[in-house]
Amino acid sequence: MRGWRIIIPKSHQAKVQNPIHKGHLGIIKCRARARCSVYWLGISKVIEKKIKSCTACLKESSNRHEPLIPTSFPERSWEVLSLYLFKYKNSWYLLISDYYSRYPEIARLDRLTSAEVINHCKSIFSRYGIPDVQTTAHNLIQ
């Protein structure tokens with residue numbers, strides 16, 4: 001034993017690698033899994049080598065990175081807007097931000113319904129005009 005971890009002899013190290021690597025979790029998570037239970041000299045390098053040679057792990061890791069695609073800067077105010085819903089102190093709010101001026105408009109929602117959001121958008125658009133493009137957040141911010 002080494003602390004709470006079992007020292008694995010060289011003859012059994014290959015058998016122990018597979019359960020550590022099960023699930024194809026990546027280098028960091030596999031190392032963390034190994035640190036909880038087993039030990040042998042050079043285990044970190046062995047795990048890294050196994051994962052870098054695993055086709056399933058390579059396939060998964062190559063799909064994770066997506067390049068940033070910059071958006072063009074609008075030519076005028078209120079041309080492109082972003083709409084976000086967020087919750088603060090048990091109340092929902094609609095945040096509309098202009099890409100050109102970065103001017104924010106915030107409206108408190110009585111109910112979190114599409115009709116309520118549409119009514120607030122109509123009210124704000126009646127003051128500033130209808131934008132050409134509206135973008136939304138992919139998930140709600142809480």
Which pair of heavy atoms, one from Trp78 and one from Gly129, lies closest together, and at what distance? NE1-O, 2.6 Å

For Glu75 and Tyr100 the tightest heavy-atom approach is O-CE1, 3.8 Å

Quick check on the hydrophobic clustering: are Val80 and Leu83 connected, directly or via other members, by side-chain heavy-atom contacts under 4.5 Å? no

Leu85 and Leu94: CA distance, side-chain angles, deciding distance, side chain to side chain contact (heavy atoms under 4.5 Å, CB included) verdict: CA-CA 5 Å; Leu85 294 173; Leu94 170 66; 4.0 Å; yes

Would you name the heavy atoms of Leu112 and Trp92 that are closest together and state the gap between them? CD2-CE2, 3.6 Å

Any sub-3.5 Å donor-acceptor pair from Glu116's side-chain atoms to Asp110's backbone N or O? yes

Identify each donor-acceptor pair in which a side-chain atom of residues 25-44 lies under 3.5 Å from a protein atom, sequence neighbours left out, and give them as a table.
residue	atom	partner	partner atom	Å
Arg31	NE	Ser44	OG	2.8
Arg31	NH2	Ser44	OG	3.4
Arg31	NH2	Glu48	OE1	2.8
Arg33	NH1	Pro19	O	3.1
Arg33	NH1	Ile20	O	3.2
Arg33	NH1	Lys22	O	3.0
Trp40	NE1	Gln13	OE1	3.4

What's the shortest heavy-atom distance between Leu81 and Asp98, and which atoms? CD2-CA, 3.7 Å

Working to the nearest 0.5 Å, report the span between CD1 of Ile47 and CD of Gln17. 7.5 Å

With a 6.0 Å cut-off (strictly less than), is the heavy-atom count around OH of Tyr88, excluding the residue itself, greater than 12? no

Treating Ile, Leu, Val, Met, Phe, Trp and Tyr as nodes and any side-chain heavy-atom pair under 4.5 angstrom as an edge, say whether Leu109 and Ile124 lie in one connected cluster. yes

Compare all side-chain heavy atoms of Met1 with those of Ile7 and state whether any distance is below 4.5 angstrom. no

Under 6.0 Å between ring centres, would you say that holds for Phe73 and Tyr99? no

Check this for me: Arg76, atom CZ, are more than 12 non-hydrogen atoms of other residues, nucleotides or ligands nearer than 6.0 Å? yes

Please answer: with hydrophobic residues joined when any side-chain heavy atoms are less than 4.5 Å apart, are Leu95 and Val133 in the same cluster? no

Interatomic distance, Ile96 atom CD1 to His120 atom NE2 [nearest 0.5 angstrom]: 9.5 Å

Would you indicate whether Ile130, at its atom CD1, is surrounded by more than 12 heavy atoms from other residues, nucleotides or ligands within a distance under 6.0 Å? no

